[in-house]
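Notes for the one structure printed next.
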Amino acid sequence: MNRIVKILVFFGVVFFASCEDELELTNPNQVTTDTFFKTETDFEQALITAYVSAKSGLAGGYTGTRCVMIRNGRSDEIEFRNDIAGIYKISRFTNDADNREAALMFSQCYRGIYRVNLIEEKLAEVDLSDEFKDRILGQAYFLRGFYYHILAREFKDVPIKLIASQDPNTFEIEKSPQAQVYAQALDDLRKAEERLPVITDAASAKGKPSKGAAKALAGQIYIEIGDWTNAKQQLEPLTTAPYNYQLVEYAWNFDEEHEHNAESVFEIVFDLSGGTNKWGDGESVNATQSNTIAKEYGAAEIGGWFEAWPTQSLMDALTKEKDLDGNFDIRARRTAAWNYPGCMYYLKPFTEVFAPEKQDTYWFTKYQNAYTRERETDPMSSINERYIRYAHIIANLAEAELELGNPGVAIGLLNQLRKRANLADYSGATDQTSVKEELIHQKYVEFAKEGVRFYDLRRWGMLENAIQDQDASRANNLAQKHYYLPIPNKEIQNNPLIDQLEGW
Amino acid sequence: MIRILILFAILTVNHGFAQEHSVIGKVVSSSDGSPLIGVNVLIKGAQNGTTTNFDGEFTLSKVSPGNIVVFSYLGFKTLEVQISNQKVLSISLEEDASALDEIVVIGYGTSKKSDLTGSISTVSAEKLNVESSTNIGQALQGKMSGVEVVSSGGAPGSGSRIMIRGIGTLNNSSPLYVIDGIYMSNMDFLNPNDIKSISVLKDASAAAIYGSRAANGVVLITTKSGRNSDGVPTFNFSANLGIAKPAKYMDLLDAKGAAEVVNLARANSNLSPLEMLTDLASKEDNDWQDIMMGPALRQNYNLSLTGGNDNFTYYTGLGYMEEEGTIKGADYQRVNLQFKSTYKKDWFSMGNNILLNYNNRRPAFTGYPRGGLYGTILQALPTMSIYDENNLGGYGSHYGDTMNTMNPLATTDPAIYDAYRKNWSVFAHLWAEAELTEGLKYKIGITPNINASENMNYIGKYDMGQASSVRNSISRSQGLSQNILVENTLNFNKTFGDHKVTALLGYTFQNWKNRSLSGSGSTLPVGLNEINASTLDRVTTGYSSESAIASLLSRAFYSYKNKFLVTATLRRDSSSKFSKEKRTGSFPSFSFGYNISEEEYLSNVDWIDALKIRGGYGELGNQEIGDYRYSSTIWSGINYSDGEGGVHQGAFPRVFVNPVIEWEKSRMTNIGFDLTAFDGRLSATMDIYNKITDDILLSVPIPYSTGGTNDPVRNIGAISNKGFEFSFGWTDNISNDLDYWVNLNGNLAKNNVDRLTSEDQVINSGKSFRGAYTTKTLEGYPIGGFWLLETQGLFQDQNSIDAHTQDGNLIQPQAMPGDVKYVDSNGDGIINDGDRVYMGSPFPKFTFGFSSGLNYKKFDLKFDLQGVFGNKILNDTRNVMTTVTNGNNYMASTLDYWTPDNRDASQPYLRYDDPNGNYRVNSDRFLENGNYVRLRNIQLGYDFPIEKICNKLSKLRLYANIENLVTITKYKGISPDYNSFNSYARGNDYFAYPASKIFMIGLNITY
């Protein structure tokens, strides 16, 4: 009996001891963090993920389709139907703090910021060349500035996070006033500008920022906060050497064939490389690198999902002035399709595509494949988003000059845009108010559906009137609080130090 | 009859002197006269003895007049007969109704019911409706107090889930299933006909031996084994055929109604009428529920054989089951095989139990944006045509300003959608047991298990307007998982006079390995569905994982004079899911029992057969979270185009982890009593329990500003479930021909969050499709309690809108007459998330089961009722089906919309863009009572007097069964029997698959 017990105990101990190692199991599918952030490749790969946060279509990337809808949806240039409920609500000013698309935009910005923060922290700890570190940090700071800019202009007062931490004790954080957030963005862009190269050949940039891009974005911020002097200081150098930006044929800015042209300052790349999953959060190897946006704005007749179309208000502005050859403004013809003589829509005459009772409809063609394909079939478009192009710099500089009391210089700049569109030079009155009106009009026509108009109307105090003119029932819903999006509820619920934006 | 025979025997006795002689005779069962095989026939005090043969006959030699012959047989009352001179005896033995000696299966062993100190409920196969049920969950429903069985959706093959004494842990509320000692994650694939009995270990002291896996209770299932039949097999065959029908259809609009409601809502927002809802005369008017839902056939067939002799017992079972869905397009088939045998020779025995299972499921198409296939059927417009030859694929489509959902009928067409999920599994339990010395046994068991799965999804080419698939595509995946369990146990059992001691010591180790591989491609020739046939977009993924657990277990039981009972258990577990420092947990438990009925003063009380009070305390652990949660890893594949046709590789430690997560601990205290009385006719049990789960493993939401992509798991908080449960049973016979039984059980329970990491922590959850939060988990309230906006009817005029102010400002400035009036609960002048108030719990306060049966001659009738009270359900389905803001179909109740002439309306003023937020789901307008009483089952059977018809068979029973015949409830949704199994949002009904009424007939043959 004793012997038996001894044998069993022996076996028990042996089993137990040998099995202890069997319990130390690590994930065979992924590498653990303690071996990462050591080599140059590690940092380059980590940096790439900070770009992905700017792009993912369905998870809140600012240049991805849903955020483009939010950026355009609150202005008077576009009208949405109720297919994507969250977008519809934002566009009709009936949204609330539970809105999914706005929450994704908010969360994706912070995701990008976290990535930059961690890269910055880990770079300081590692022993690599200064030249490499600057190369990484230049891009990282640009992206952080980009994300803080978005947060400030969309959500007004938000938390500023400069440290990457998973410790729950760091999760509670107060929000900072908008001016401080803008200041943080400008500081990041300055640090980026110091490190980024001047890229004269846009084709070699391929989706990466350059010194010019940092200055252009800083200029945009200064315009938004009304600091004209600094805006001019940032933007004017971009009009001469060593910068080589030029206005190209208008259509080249929105097609696939002429990506990375001379007008492009900062572009986000979409193409058919990558996987086939269009509907995830864009962060797996199977995720597509393409954009669903083209199919979304197409008419049903050519296989689109007809989510939105130009408003009468936009069409009136686009068709106001004809060009030197007596045609409609090229910018109108490359922004929208409507029933004008010779109009082609997806390679067929407009009048043939649409049934008689639908001849009065308007459809967007900017960023569509309307000039190269007969139908939108797969929701996979590879047209890059030109987030900043030289025309933006021209228009912003014109505004800065105008506000600084140089209407003549402003007119000269606006004439560059007019000339590119084959219009006659500006011949109206040269007083402040008139030139301002021309600036407003040119920006409307030049940048339709590029996510510019709403922010301009807001800061010019013109939003209520513009919406009222476009659709009275929509204007009825519009209140002061709709100038900004509310902080998403999940943030309010789990961050006790933060309180909701006033009015929400 | 017996008396006459004995008299006759006495009369034939030889008078005079005592002589040794032989006695012959036959022993039968008193209940049905069947011969009893293997009955021990002994002369009391002598070594002389024999057993009965296959015909129940025996020959006992060297009997002297005056000897007492003892007839004893397991399960029957022992009979003693004094012999004088008779030579022939006819003996009839009565079944032993005493439930006390009933053997109950407990963890790693068995125990007499009288020795139990924990809270255990058992049910035997006869009491379960095994014949008509295709899964065991249905068979168990309402049979045991504290055991709640809910179907996990009515889709074919979806099985059921069991919750024991409420939710304790939040991540996985399933109990541990142990089938003949084999651990399984669910029991859906097991054939109910193979089951002999089910024991549910409800409290910690009973379940403690299973330690870390038992925090939600343990369900022990014992399948049938062979019996000593002298090697002769008994065959059993059953066949069941039935029809399932949807229990309830939703009342929806027809084309005319939809046109009225949708076009009015659009007009009120300045929009033109919906193209699909104008010119109705030129369009179809389809009832999509009628087209897609209907009666479905289900059938199952079982064949088993069982038998054995002294050294060898065997059981073999085969089963086949097939079920169609009440919603077209889904079905399920299952084949089960079980081979079980035991071999015994003196002190050594060995055995095996091999379970093979194959199942094949065709699932419904899941690519819909709202509510799955069921949601799409309900929302499809009546004017969508069924077929349309102009569309690629041939089916009608939605067009115009409608949602991009598919034509539901198209998904049943294999050219448009085809899929299957196949699964093969093998469990082989091999064991050997040796009796080392008297009372000490060593047992070793090895259970390897292999599970292979193969899935396929094919999507064809079709164009249904916005829902279109330009290229066909195929995806296939295969998974292989293996697990092996090794158990060593030492069991000691000895009785010394008044003292009885049993002890168990054991060591077990289990390891799971899982590997899956999948591939997909697109653009294949029509008719082929292999990946090699695809010409574009080939993608492959592969994944593996492993986890392991090692445990030391021990248990000791002591009883004194069968009166005082004590059990103590200690278990130590180590899991690979936690880091080294936190890996091991110790789980003790202790319980006592006091058989009051054994006391002198009570043994004279006739009507009490047995009365025991018992109490216990135990701690159990839980580790049911995902693997590798404690260590941070790098995710790769976060790529970005390089602008040259390729991608830049991206990688980042994306997931937020918690390196200090550890075991979740459940502490349970239980006090109860068991009573058996009136010669076993009455049995009663009552228990009071308090179950506290501490260091709960929860996924806790973190703010967006942290930059995290997930909500990491942490140990926070304590949740308690307090309750009282009772069970009464009565069985009696009114006459020789008529006997009946009645069983009532009930459970009163309360769930409460005792503590989270801080007093003011609140976890918001229950997020609806549109992003609104409906539940909160915080201190002092039940988990996932409903916190919603309070409403006060509809504004009837502009004055009431203008009167609804705070500090002079309108609270609802965008409202119009007919809009919903919300209460500004926190007084800040705005209707927002901060105005949500507590409105009820998704947990029932009281549940009961009542069942009864009676047997009259050859007929038997049984039924059971089930009832649930006190819980609330959020009818998210009704919210979606009355939110008139899209171009789809709605409930007929939307016709009752507000107008100045219809002020007492249930539907607010119809406005497409809804600026007032009338359709917010997180309001009390959609919260309903979940109370219901349901006639779960009613069955009538007839036992044919087979010996008169055909002597080739020994039993033939025919029966008819109706399931879910009647449900009494005020709940407006499809079925109140709903549990989403999401801990934070248990009561959110979002397009739950409709429940069915099932009519079955069957027959049972034994030979």
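Each chain gets a letter, A, B and so on, in the order its sequence line appears, and its residues count up from 1.
Geometric assessment of B/Arg654 against the ring of B/Trp635 yields a positive cation-pi assignment under the 6.0 Å and 45° thresholds. Both tests do not hold together for B/Lys441 against B/Phe492: distance to the six-membered ring centre under 6.0 Å, angle to the ring axis within 45°. A cation-pi arrangement is absent between B/Arg836 and B/Tyr773, since the terminal nitrogen or guanidinium carbon is not both under 6.0 Å from the aromatic centre and inside a 45° cone about the axis. By the 6.0 Å and 45° rule, A/Lys55 does not stack over the aromatic ring of B/Tyr640. A cation-pi arrangement is not found for B/Arg515 relative to B/Tyr543, the charged atom failing to lie both closer than 6.0 Å to the ring centre and inside a 45° cone about the ring normal.
Between chain A and the residues B/Arg920, B/Lys776, B/His648, the largest count of heavy-atom pairs under 4.5 Å involves B/His648. Most heavy-atom pairs under 4.5 Å with chain A, from the set B/Asp463, B/Ile763, B/Thr402, B/Leu536: that is B/Thr402. Of the listed residues A/Asn99, A/Leu272, A/Asp42, A/Leu118, the one with more heavy-atom pairs under 4.5 angstrom with chain B than any other is A/Leu118. Counting heavy-atom pairs closer than 4.5 Å to chain A, the top-ranked of the candidates B/Asn916, B/Val762, B/Thr885 is B/Thr885. Most heavy-atom pairs under 4.5 Å with chain A: of the set B/Gly707, B/Gly643, B/Gly650, B/Ser641, this distinction falls to B/Ser641. Among the candidates A/Arg111, A/Gln289, A/Gln108, the residue making the largest number of heavy-atom pairs closer than 4.5 Å to chain B is A/Gln289. Looking only at heavy-atom pairs under 4.5 Å with chain B, the residue among A/Arg100, A/Arg81, A/Arg92 that has the most is A/Arg81. Top candidate by heavy-atom pairs under 4.5 Å with chain B, chosen from A/Leu47, A/Asn82, A/Val158, is A/Asn82. Per-residue heavy-atom pair counts under 4.5 Å with chain B were compared for A/Gly303, A/Pro159, A/Ser284, and the maximum is reached by A/Ser284. Most heavy-atom pairs under 4.5 Å with chain A, from the set B/Asp537, B/Asn270, B/Asn511, B/Asp401: that is B/Asp401. Your options are A/Ile173, A/Val269, A/Val285, A/Asp96, and the one with the most heavy-atom pairs under 4.5 Å with chain B is A/Val269.
Interface remark: B/Ile549 contributes backbone atoms only to the contact with chain A (heavy atom separation under 4.5 Å). For a residue to count as touching a neighbouring chain, one of its non-hydrogen atoms must lie under 4.5 Å from one of that chain's; by this rule A/Pro379 does not touch chain B. Heavy-atom distances place the side chain of A/Lys161, and not its backbone, under 4.5 Å from chain B. With a 4.5 angstrom heavy-atom cutoff, B/Asp642 touches chain A only via backbone atoms. With a 4.5 angstrom heavy-atom cutoff, A/Ser165 touches chain B only via backbone atoms. Only the backbone of A/Phe93 comes within contact range of chain B, with at least one heavy atom under 4.5 Å from a heavy atom of that chain. Only the backbone of B/Asp914 comes within less than 4.5 Å of a heavy atom of chain A; no side-chain atom from C-beta onward does. In this structure, no portion of B/Asn809 lies under 4.5 Å from any heavy atom of chain A. Using a 4.5 Å cut-off between heavy atoms, B/Asn832 contacts chain A through its side chain alone, with no backbone atom that close. Residue B/Ser520: no heavy atom, backbone or side chain, is found under 4.5 Å from chain A. Looking at A/Asn384, there are no atoms closer than 4.5 Å to chain B (heavy atoms on both sides), in backbone or side chain. In this structure, chain A has heavy atoms under 4.5 Å from both the backbone and the side chain of B/Ile702. With a 4.5 angstrom heavy-atom cutoff, A/Ala103 touches chain B via backbone and side-chain atoms both. Only the backbone of A/Trp504 has a heavy atom closer than 4.5 Å to any heavy atom of chain B. Interface remark: B/Gln649 contributes backbone and side-chain atoms alike to the contact with chain A (heavy atom separation under 4.5 Å). In this structure, the portions of A/Phe171 lying under 4.5 Å from any heavy atom of chain B include both its backbone and its side chain. The parts of B/Asn639 that come within reach of chain A are both its backbone and its side chain, each placing non-hydrogen atoms under 4.5 angstrom from that chain. If you measure heavy-atom distances from A/Ala287 to chain B, you find no contacts under 4.5 Å at all.
With hydrogens and angles left out, the side-chain atoms of A/Asn495 and B/Tyr704 include no donor and acceptor closer than 3.5 Å. For A/Asn277 and A/Asn286, the side-chain atoms include no donor-acceptor pair closer than 3.5 Å. Checking A/Thr94 against B/Asp913 by side-chain atom types alone, no donor-acceptor pair falls below 3.5 Å. In this structure, a donor-acceptor pair under 3.5 Å is present between the side chains of A/Ser264 and A/Glu267.
The shortest side-chain heavy-atom distance between B/Thr774 and B/Val921 falls under the 4.5 Å cut-off. Between B/Ile444 and B/Glu487, every side-chain heavy-atom pair lies at or beyond the 4.5 Å cut-off. In this structure, A/Ile48 and B/Phe652 have side chains that are not in contact, with every pair of non-hydrogen atoms separated by 4.5 Å or more. Residues A/Gln493 and B/Pro701 have side chains not in contact (no heavy-atom distance under 4.5 Å, counting atoms from C-beta outward).
At a threshold of 4.0 Å, the pair A/Lys206-B/Glu644 counts as salt-bridged, since one of the basic side-chain nitrogens sits closer than that to a carboxylate oxygen.
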I would like to know whether A/Glu301 and A/Lys358 meet salt bridge (Lys or Arg N to Asp or Glu O under 4.0 Å); could you show each step before the answer? CA-CA 11 Å; A/Glu301 284 78 354; A/Lys358 295 186 86 177; 3.1 Å; yes
Walk me through it: do A/Lys122 and A/Phe43 pass the test side chain to side chain contact (heavy atoms under 4.5 Å, CB included)? CA-CA 9 Å; A/Lys122 295 291 183 184; A/Phe43 284 98; 3.7 Å; yes
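Aromatic pair A/Phe106/A/Tyr110: ring centres closer than 6.0 Å.
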